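Residue numbers count from 1 along this sequence. Note that this is a predicted model, so its numbers are computed, not measured.
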Amino acid sequence: MNIHKPILTFFASVALPALSSSLSCASSAEGQLFYVAPNGSDTAAGTEAAPFQSMDRAREAVRGFIAVNSTSPQDITVYFQEGNYAVQQSVVFTEADSAPAGTRIEYRACEDATVVFFGGVSLPVSAFQPLSAEDPRVESIIDRNAHKHIRYAPLKELGITDYGKRSLHGFRVGGGATPPMELFINGRSMTPARWPNEGLAPMDDSMPLEDRIIDAGEDWTPSNKTSKGGTFRVDFDRLKHWTNAEDMLLDGLVANDWSWQSHLIASMDAEQKTLTLQDPAPYTIKMTPRFYIENLLEEIDMPGEYFIDRQTGYLYLYPPAEMADDAFLCVSTLKEPMLSIEGASRLTFHGITFDTGREAAISLNTGEANRFSQLEVRNFTGNAVKLAGRNNGIVRSEIHHIGGSGVILEGGDFDSLLPGGNFVEDTTIHNFARYDKAYTPGVKLLGVGNRVSHCEIYEGPHGGITISGNDHLIEYNILRDLIKDFSDFGAIYAAIGANPLQRGTVIRRNLIYNLGAPDRKWCIGIYSDWFSQGFTIEENILYRIGDHPEMFEFIGIVNSSGRYNKVLNNIFIDCPIPYERGYNMSYGYKQNGNDVKLLKSWRDIFEDPELLGGIYGIRYPELHRFFDEDIWFPTTSYFERNLIYNKDIPFNEGYLPEHFIVDRTSKGWGKHEDLANARDNWVTNEDPGFINPSEMNLELEPHARAFDEIPGFRNIPFSQIGVR
């Protein structure tokens, strides 16, 4: 197992201006064949000698062939020759494009060909001119030394007039409007001009909040979207330079250290040093804000920064060092999903690169048994891939440099608990959540019965996998280098206690390591938060979750006031706190009276007289006892047959492993609490028998001591974890 190497070469094939090719697509495929090439024609016959030019035309040809041959269906293959295919509106596949039962339709790259579907417009380097002293906006740029470097291009003269609008987006408000245009150079996204260039604006935490917060604003809710934004005082005088700023945003945290949003600024007062948000924040402003300001021409002073003047259509750029005369520059223009499947079934897309767009690369809403294999998906500002319907999957692909989530898996039926069967496997997902930063994981699981397996998910500002719904399977994945920018989250995370019918997910045989950053809190490997219930968490390896014993909030696995959560046969290595069953939610809810409200919402769910007599009562028999057990301090979770090995990093001083207790008194919680029905666990600082821990081989030898110390302990097949 290679735990670092992605499947595909990173940026191995940067999108280029349209290419033509005479490469042959020699094929052994049977059935009907069609061909597409960048230098083809949509009026051609679609043969290898006379190929089509677009996927739209190929789809039409396939549909026509199916209609004519309805009595004798056969497999169909559409080959794409080497090159770049411009996509400026969504290519939509409906039920009429489905492969007839017993056949398949495959859209694929020719062997060894680089095929790029491209949702942007290229900009010639020659279009960028030096900043003129006569430019009316030149004096607004603060850094005088930057003037000689800045270039601008007249987008309107190049035929580009739709730049999109910047809008509120982030926690609780979803993705907001379609994201605006972005600039890419040689396949890498550039930075909207911002201040400060790195890190966050300097703010003094010692200032009393009553002096800091002028007006907390109103709480954003779905029914209160147009309420008032708050006003707060800043600790810097930079505002005096921003008098010409348009569409500028505050990007950061103003309520909690996890509820990130990107806010438009309504007004600012340079003399009073105050900023007023155009939109309300979730939970109102209640902390010293942590943020940076972006989209300011005034602050363009660093290589790679840019600003789009939406009034004049000028794109201002401080060129990066690697921008040579033959550099490839482009802006994202596609505002719809590049590929949209609305009812089509049994289609395969293979070996294609989906590159650049403001929304998604692939959006499958309905349809069955579609496959996406050996794809590269990059540089989309929205979510990369959404799979709903049934039994659809993406395999052996790479998804990276995405503004939202890498993959969203939906599907399945809540009434019958019929699984969706959608999956992602053998896929690397990295550098995601660039635009929507928090609660935007590498994979988002929704619905019923979907699967994430043999994936590697890394380099994300928040979590790796989030869970909502029932009966999902998360297995054989590597999750690392996550929760880099925010606090209180897990590499694998669920907060679904509001609906206790959502349960049944199995999390097994995953490797999780290298989470958080030095100033983060509550960075957790597997986090069952907010009364989430009914998880089976087994045979996972939690490695160095927290690299210092004082990092109290770095924990291997947390069960936050949940019931029927089984933590079995896991390995914890050098975790300051391996496991905690916290009652913090219970204490907090009982102290502020929210327990009454939550209990009522639970009773409302169970009011259906047929609920427990149907599939839910059969699948989850513990629901019959839901109100007969201790609701707030339950005793139905288990911590059994786990190996806890701390060799290099001691336990946190508040963690007493011999009793599996955390001392919460020093953190303001109520008292000591046993951490579950704990038995048959082994805590040791002696090598339990790993094959080669120095080389990160954490499988146990066949006769390892752990098997003697922990009756019934199952070896975790470490070599099978990760991309195969």
Side-chain angles (χ1 to χ4, degrees), residues 258 439 445 463 465-474 488-508 510 512 522-538 540 542 545 553 555-570 572 577-591 594-595 597-603 605-606 616 619-640 642 660-662 664 669-670 672-679 681:
W258 40 266
Y439 289 84
L445 280 167
I465 299 173
T466 60
I467 305 165
S468 179
N470 294 68
D471 301 340
H472 302 302
L473 179 59
I474 301 170
D488 196 8
F489 217 63
I492 300 176
Y493 179 84
I496 52 178
N499 185 352
L501 301 183
Q502 295 189 12
R503 55 182 60 222
T505 289
V506 175
I507 303 168
R508 68 186 181 197
N510 302 284
I512 303 174
W522 281 89
C523 298
I524 294 159
I526 302 173
Y527 194 175
S528 173
D529 195 10
W530 202 59
F531 305 101
S532 298
Q533 305 180 24
F535 289 97
T536 298
I537 302 170
E538 61 184 1
N540 301 282
L542 292 301
I545 309 298
E553 294 87 354
I555 305 173
I557 297 176
V558 167
N559 174 18
S560 184
S561 300
R563 289 191 265 173
Y564 293 98
N565 288 324
K566 298 180 290 186
V567 179
L568 314 171
N569 209 114
N570 300 280
F572 301 84
I577 303 178
Y579 172 77
E580 178 186 337
R581 185 187 67 176
Y583 282 145
N584 54 315
M585 295 301 301
S586 300
Y587 282 124
Y589 268 56
K590 293 181 75 67
Q591 287 171 359
N594 281 338
D595 58 329
K597 181 179 179 181
L598 183 58
L599 184 59
K600 180 183 183 305
S601 71
W602 285 342
R603 290 194 182 281
I605 291 172
F606 281 83
Y616 281 89
R619 183 77 59 82
Y620 316 120
E622 68 273 13
L623 291 177
H624 291 273
R625 304 184 293 274
F626 190 86
F627 296 104
D628 298 330
E629 302 170 340
D630 191 327
I631 291 175
W632 304 109
F633 301 97
T635 59
T636 54
S637 292
Y638 295 88
F639 185 75
E640 298 181 358
N642 296 285
F660 297 99
I661 289 174
V662 167
R664 277 294 195 180
W669 304 109
H672 292 298
E673 293 291 352
D674 289 343
L675 284 187
N677 297 303
R679 57 176 174 262
N681 301 289

Student: Scan for salt bridge (Lys or Arg N to Asp or Glu O under 4.0 Å) pairs involving residues 488-498, sequence neighbours excluded, and state none if there are none.
Tutor: none

Student: When you compare the side chain of F627 with that of R603, does any pair of heavy atoms fall below 4.5 Å?
Tutor: yes

Student: Counting C-beta onward and ignoring hydrogens, is there a side-chain heavy-atom pair between N510 and I474 closer than 4.5 Å?
Tutor: yes

Student: Hey, could you give me the CD1/CD1 distance between I557 and I577, rounded to the nearest 0.5 Å?
Tutor: 13.5 Å

Student: So do the side chains of I512 and I545 get within less than 4.5 Å of each other, counting heavy atoms only?
Tutor: yes

Student: Can F535 and V506 be said to form a side-chain contact (heavy atoms from CB on, under 4.5 Å), step by step?
Tutor: CA-CA 6 Å; F535 289 97; V506 175; over 6 Å; no

Student: Give a yes or no answer on whether the side chain of N565 reaches the backbone of G534 with a donor-acceptor pair at less than 3.5 Å.
Tutor: yes

Student: Between F572 and Y579, does the ring centre distance come in under 6.0 Å?
Tutor: no

Student: What heavy-atom pair brings E640 and N677 nearest, and what distance separates the two atoms?
Tutor: CG-O, 4.0 Å

Student: Carefully, step by step, assess R563 and E629 under the rule salt bridge (charged side-chain N to carboxylate O under 4.0 Å, His left out).
Tutor: CA-CA 10 Å; R563 289 191 265 173; E629 302 170 340; 3.3 Å; yes

Student: Stepwise, does the side-chain hydrogen bond (donor to acceptor under 3.5 Å, both in side chains) test hold for Y564 with R625?
Tutor: CA-CA 11 Å; Y564 293 98; R625 304 184 293 274; 3.1 Å; yes

Student: Just how far is it from atom OG of S561 to atom CD1 of I631, taken to the nearest 0.5 Å?
Tutor: 12.5 Å

Student: Which heavy atom of S532 sits nearest a heavy atom of G497, and at what distance?
Tutor: OG-N, 3.6 Å

Student: Measure across P500 and I605 and return the closest heavy-atom pair with its distance rounded to 0.1 Å.
Tutor: CD-CD1, 3.9 Å

Student: Within a strict 4.5 Å, meaning less than it, do heavy atoms of the D471 and R619 side chains meet?
Tutor: yes

Student: Could you walk me through whether I467 and Q502 satisfy the side-chain contact (heavy atoms from CB on, under 4.5 Å) test, starting with their C-alpha distance in whole Å, then the side-chain angles of each, then the deciding distance to 0.1 Å, before giving a yes or no?
Tutor: CA-CA 10 Å; I467 305 165; Q502 295 189 12; over 6 Å; no

Student: Do N559 and Y527 have a side chain donor and acceptor closer than 3.5 Å?
Tutor: no

Student: Hey, what do you get for CG (D630) to OG (S586), rounding to the nearest 0.5 Å?
Tutor: 8.5 Å

Student: Could you check whether any side-chain N or O of N570 sits under 3.5 Å from a backbone N or O of N540, counting only pairs where one atom can act as donor and the other as acceptor?
Tutor: yes

Student: Give, for atom OH of Y620 and atom CD of Q533, the distance between the pair rounded to the nearest 0.5 Å.
Tutor: 12.0 Å

Student: Would the distance check show the side chain of T536 and the main-chain N or O of K566 forming a donor-acceptor pair, the cut-off being under 3.5 Å?
Tutor: no

Student: R679 versus Y638: any side-chain heavy-atom pair under 4.5 Å?
Tutor: yes

Student: Cut-off 3.5 Å, side chains only: do D529 and Y493 have a donor facing an acceptor?
Tutor: yes

Student: Using side-chain heavy atoms (C-beta onward) and a distance below 4.5 Å, is L598 in contact with W632?
Tutor: yes

Student: For this output row, return yes or no: ring centroids of F489 and W258 closer than 6.0 angstrom.
Tutor: no

Student: Would you confirm whether W602, through its side chain, and F626, through its main-chain N or O, come within 3.5 Å as a donor-acceptor pair?
Tutor: no

Student: I'd like to know if the side chain of S637 and the backbone of G562 have a donor-acceptor N/O pair within less than 3.5 Å.
Tutor: yes

Student: Go through N642 and V567 one step at a time and tell me if the side-chain contact (heavy atoms from CB on, under 4.5 Å) criterion holds.
Tutor: CA-CA 8 Å; N642 296 285; V567 179; 4.1 Å; yes

Student: Within the distance-only criterion (no hydrogens, no angle test), does the side chain of N470 pair as donor or acceptor with the backbone N or O of L501 below 3.5 angstrom?
Tutor: yes

Student: Rounded to the nearest 0.5 Å, how far apart are CD1 of I492 and CD1 of I526?
Tutor: 4.5 Å

Student: Would you say the side-chain atoms of N569 pair up with the backbone N or O of E538, donor to acceptor, closer than 3.5 Å?
Tutor: no

Student: How many angstroms lie between OH in Y616 and NE2 in H624, if you round to the nearest 0.5 Å?
Tutor: 13.5 Å

Student: So I496 and F531, side-chain contact (heavy atoms from CB on, under 4.5 Å) or not? Walk me through it.
Tutor: CA-CA 7 Å; I496 52 178; F531 305 101; over 6 Å; no

